[in-house]
Amino acid sequence: MNTTKMIDTALKQLREQRATRKDDLDLPGSMTPRERNSYHAITAELDRRIRAIEVASSTLASLPPIEPYTKWLDLLTTGRDTISSELLSLPRRIRDRATLDLQANLMFSLDLTYRGLNAGQRRLGPVVDLSPLRIGQLMIAAGYDVAGPALRGPNGWLGSMPEVEKLIKDLTTRRAEAQAALDEALLSDEDRAARETEHARYRATLNGMNIRNNSEGTGLVVVDEDGEERDLATLTEPERSAFTWFEAKTR
């Protein structure tokens with residue numbers, strides 16, 4: 001079953017369950033306060049799960065795909081290497097105008113990959129056409145737009161290397177968080193019960209282990225009765241699974 005169908009099926013089932021829930025005034029007067037609280041808790045949980053699926057799926061749908069940016073970063077990376085190699089191949093002492101212009105072209109192209117279209121703007125004004133530049137030639141060969149309004153469009157310049165690296169990192173994190181929230185909301189009651197049983201087993205195993213921060217404060221370690229760090233390879237399978245689960249929860 002694809003993700004969209006899973007979402008639609010889960011929402012349909014939850015909304016059908018929610019539609020059968022009664023308001024407080026419609027509940028039997030014979031119900032005790034505890035029974036009413038339990039009833040309302042189940043209703044509230046249905047509302048929470050419906051909302052969680054709606055928000056997580058909407059968030060995922062609203063996030064742009066990462067692939068265009070990884071493709072663009074690949075172009076900038078190979079372009080940087082190509083341009084750097086071409087710069088190094090120039091004579092150490094340049095006397096003719098054509099080679100000096102080529103050197104300036106390559107250096108500005110390299111600067112653009114690191115600083116973006118704002119590079120040199122104070123001196124040259126806004127960049128509107130990259131076709132004369134070496135980086136522009138590489139973009140054209142890869143099918144990108146290099147001039148006019150299209151230069152700053154979805155098939156044009158997508159940012160400098162630092163900008164795109166940060167954007168990819170942020171997008172990856174946001175997509176992972178939204179996907180985790182969606183996966184959590186889509187869990188069936190049976191899956192939730194099985195997971196809670198597993199986590200209870202982890203917690204019971206952890207009660208018999210001594211876990212501390214490592215000396216650098218960058219992670220967790222398991223220590224023995226004397227406070228000496230244990231090699232993780234010496235842990236039993238239940239201990240290793242419990243430790244991995246706990247480590248992931250504390251990141």
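Remember, predicted model here, so these are calculated numbers, not experimental data. Numbers here simply count residues along the sequence, with the first being 1. The analysis underlying the following values was restricted to heavy atoms, covering all of them including side chains, and did not include hydrogens, waters or symmetry mates.
Glu237 and Ser241 form a side-chain donor-acceptor contact under 3.5 Å, judged by distance and modelled atom types alone. Between Asn214 and Thr218, the side chains place a donor N or O and an acceptor N or O closer than 3.5 Å (distance only, hydrogens not considered). Of the N and O atoms on the side chains of Asp96 and Thr99, at least one donor lies less than 3.5 Å from an acceptor on the other residue. No side-chain donor-acceptor contact under 3.5 Å links Tyr39 and Glu35. There is a side-chain donor-acceptor pair under 3.5 Å between Asp191 and Ser188. Between the side chains of Arg80 and Thr113, not a single donor N or O lies within less than 3.5 Å of an accepting N or O.
Listed for the Ser85 side chain is no donor-acceptor partner under 3.5 Å among the backbone atoms of Thr82.
Side-chain contact between Asp129 and Leu151 is absent, with no heavy-atom pair separated by less than 4.5 Å. Counting heavy atoms from C-beta outward, Met161 and Thr77 have side chains that approach closer than 4.5 Å.
Around CZ of Arg195, the count of heavy atoms belonging to other residues, nucleotides or ligands within 6.0 Å exceeds 12. Within a 6.0 Å sphere centred on CE of Met107, heavy atoms belonging to other residues, nucleotides or ligands number 12 at most.
Tyr144 carries Lys71 over the face of its six-membered ring, with the cationic atom under 6.0 Å from the centre and within 45° of the normal.
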Exercise. Is there a side chain to side chain contact (heavy atoms under 4.5 Å, CB included) between Leu232 and Arg240 once you walk through the steps?
Worked result: CA-CA 7 Å; Leu232 295 183; Arg240 192 156 43 245; 5.5 Å; no
For this session: Verify side chain to side chain contact (heavy atoms under 4.5 Å, CB included) between Glu239 and Thr236, making sure each step is shown before the conclusion.
Result: CA-CA 5 Å; Glu239 286 176 334; Thr236 65; 3.1 Å; yes
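Ring geometry, Trp72 versus Trp157: the interplanar angle exceeds 60°, so the pair is classed perpendicular (tilted spans 30 to 60°).
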